Colleague: 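I have a structure I would like to understand better, so I am pasting it below and will then ask my questions one at a time.
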Amino acid sequence: MKLTGWLATIVILDAADIALGGFILRYVSLVPISLTVLTYLAVVILLIDFYFITKGRRIAINAGVLLSLIAMAISTNPAHIHALEEFGSTLPLTGADITMLIGFYILPALYIVYWLVRVRGAGYSHKATQT
């Protein structure tokens, strides 16, 4: 798979994961509608980034790193930390916590590591679309 294919896969999985987490939180009324709207705005941004990554756009590939860092920073707010402290208390909250761990930590970290090793480590100029 091409480098951009791996990065795009990570981004689309992240978008799906965050959408699922947002759905869970809204379905059981754990968050206000305004946060649900912001969640799906983030999903739209990820989908746009995904599209441009699949086209091999360097700026989109680099934007993925910034989006990953933002996701990690957002997830350190008190509400997210409190939610993680409640892990296992209810099925919906546990499901939302799992999606938070995957969507705000694991996939963004994977994107950054893959970007550092394959993109930055490979001499980024023209190799971003190679395997």
Side-chain angles (χ1 to χ4, degrees):
M1 183 182 283
K2 289 182 177 181
L3 170 66
T4 54
W6 284 111
L7 293 174
T9 299
I10 294 168
V11 172
I12 198 70
L13 288 174
D14 203 26
D17 179 78
I18 291 171
L20 176 60
F23 173 78
I24 292 169
L25 291 171
R26 187 68 228 142
Y27 184 75
V28 295
S29 300
L30 289 173
V31 296
I33 192 74
S34 60
L35 288 180
T36 303
V37 169
L38 289 174
T39 298
Y40 285 103
L41 178 61
V43 170
V44 168
I45 291 167
L46 287 171
L47 292 174
I48 292 168
D49 194 46
F50 165 78
Y51 172 78
F52 286 109
I53 289 171
T54 62
K55 300 296 181 191
R57 300 293 173 93
R58 188 182 329 191
I59 194 164
I61 292 167
N62 291 336
V65 174
L66 180 61
L67 293 172
S68 296
L69 293 170
I70 290 169
M72 290 177 174
I74 288 171
S75 66
T76 61
N77 75 37
H80 283 120
I81 300 302
H82 178 71
L84 286 174
E85 291 170 352
E86 299 294 320
F87 187 87
S89 61
T90 67
L91 186 58
L93 187 56
T94 301
D97 283 346
I98 290 169
T99 62
M100 178 174 49
L101 290 170
I102 294 169
F104 286 85
Y105 295 105
I106 295 171
L107 290 171
L110 182 61
Y111 189 99
I112 291 168
V113 168
Y114 197 78
W115 180 85
L116 284 170
V117 171
R118 295 297 305 273
V119 176
R120 297 307 299 171
Y124 190 45
S125 62
H126 68 282
K127 297 185 180 194
T129 57
Q130 294 179 356
T131 57

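Please read all numbers here as calculations on a predicted model, not as lab measurements. We're numbering straight along the sequence, starting at 1.
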Colleague: List the atom of A83, the atom of M100, and the distance in Å for their closest heavy-atom pair.
Modeller: CB-CE, 4.4 Å

Colleague: Checking side chain to side chain contact (heavy atoms under 4.5 Å, CB included) between D14 and each of T9, L110, L46, which is the one that passes?
Modeller: L46

Colleague: Does Y27 have any side-chain contact (heavy atoms from CB on, under 4.5 Å) partners at least two apart in sequence or in another chain, and if so, which?
Modeller: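 Listed in chain order: F23.
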
Colleague: So how far is it from L41 CG to T36 OG1, rounded to the nearest 0.5 Å?
Modeller: 12.5 Å

Colleague: Please say which of T54, V65, I61 ends up in a side chain to side chain contact (heavy atoms under 4.5 Å, CB included) with L7.
Modeller: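 Filter result, single survivor: I61.
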
Colleague: Applying side-chain contact (heavy atoms from CB on, under 4.5 Å), name anything that partners A42, two or more places apart in sequence or on another chain.
Modeller: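 For A42 there are no side-chain contact (heavy atoms from CB on, under 4.5 Å) partners, ignoring immediate neighbours.
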
Colleague: Counting distance only, does the side-chain N/O of D17 pair as donor-acceptor with the main-chain N or O of G103 below 3.5 Å?
Modeller: yes

Colleague: Test of understanding: with side chain to side chain donor-acceptor pair (under 3.5 Å), list the residues that count as partners of Y105, not counting sequence neighbours.
Modeller: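 Expected list: S75.
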
Colleague: Listed by chain and number, what are the ring pair (Phe, Tyr, Trp, His ring centres under 6.0 Å) partners of F104, not counting sequence neighbours?
Modeller: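 Counting only residues at least two positions away or on another chain, F104 forms a ring pair (Phe, Tyr, Trp, His ring centres under 6.0 Å) with H80.
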
Colleague: Can you sort out the partners of I12 under side-chain contact (heavy atoms from CB on, under 4.5 Å), two or more places apart, ordered by chain and number?
Modeller: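 Applying side-chain contact (heavy atoms from CB on, under 4.5 Å) to I12 gives L47, F50.
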
Colleague: Test side-chain contact (heavy atoms from CB on, under 4.5 Å) on T99 and I18; report intermediate values, then the result.
Modeller: CA-CA 7 Å; T99 62; I18 291 171; over 6 Å; no

Colleague: Under 4.5 Å between side-chain heavy atoms, chaining through other members, with only Ile, Leu, Val, Met, Phe, Trp and Tyr counted: pull out the rest of the cluster around I24, sorted by chain and number.
Modeller: L20

Colleague: From M72 CE over to L107 CG, what is the distance, rounded to the nearest 0.5 angstrom?
Modeller: 9.5 Å

Colleague: Which hydrophobic side chains are connected to V44, either touching it within the sub-4.5 Å cutoff or through other members that do?
Modeller: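 Its cluster mates, by chain and number, are I48, Y51, F52.
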
Colleague: List for me each residue that meets side-chain contact (heavy atoms from CB on, under 4.5 Å) alongside A19, sequence neighbours excluded, and say none if there are none.
Modeller: Y40, V43

Colleague: For a quick test of reading the model, state the closest non-hydrogen atom pair linking A73 to T76 and the distance between them.
Modeller: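 Distance-wise, the nearest heavy atoms are O-OG1, 2.6 Å.
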
Colleague: Using the rule given for side-chain contact (heavy atoms from CB on, under 4.5 Å), can you reason through F87 versus T94, listing the C-alpha separation, both sets of side-chain angles and the distance that settles it, and then say yes or no?
Modeller: CA-CA 5 Å; F87 187 87; T94 301; 3.7 Å; yes

Colleague: In Å and rounded to the nearest 0.5 Å, what is the CD to CG distance from E86 to L30?
Modeller: 11.0 Å

Colleague: Hydrophobic cluster membership, with links at side-chain heavy-atom distances under 4.5 Å among I/L/V/M/F/W/Y: are L66 and W115 in one?
Modeller: yes

Colleague: Under the 3.5 angstrom rule, does the side chain of N62 hit a backbone N or O of I59 as a donor-acceptor pair?
Modeller: no

Colleague: Less than 4.5 Å apart, any side-chain heavy atom of L84 and any of L101?
Modeller: yes

Colleague: Below 4.5 Å, heavy atoms only, C-beta onward: do P78 and I81 meet side chain to side chain?
Modeller: no

Colleague: Could you pull out the closest heavy-atom pair between A96 and L25, with the gap in Å?
Modeller: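 Shortest heavy-atom separation between A96 and L25 comes out as CB-CD2, 3.6 Å.
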
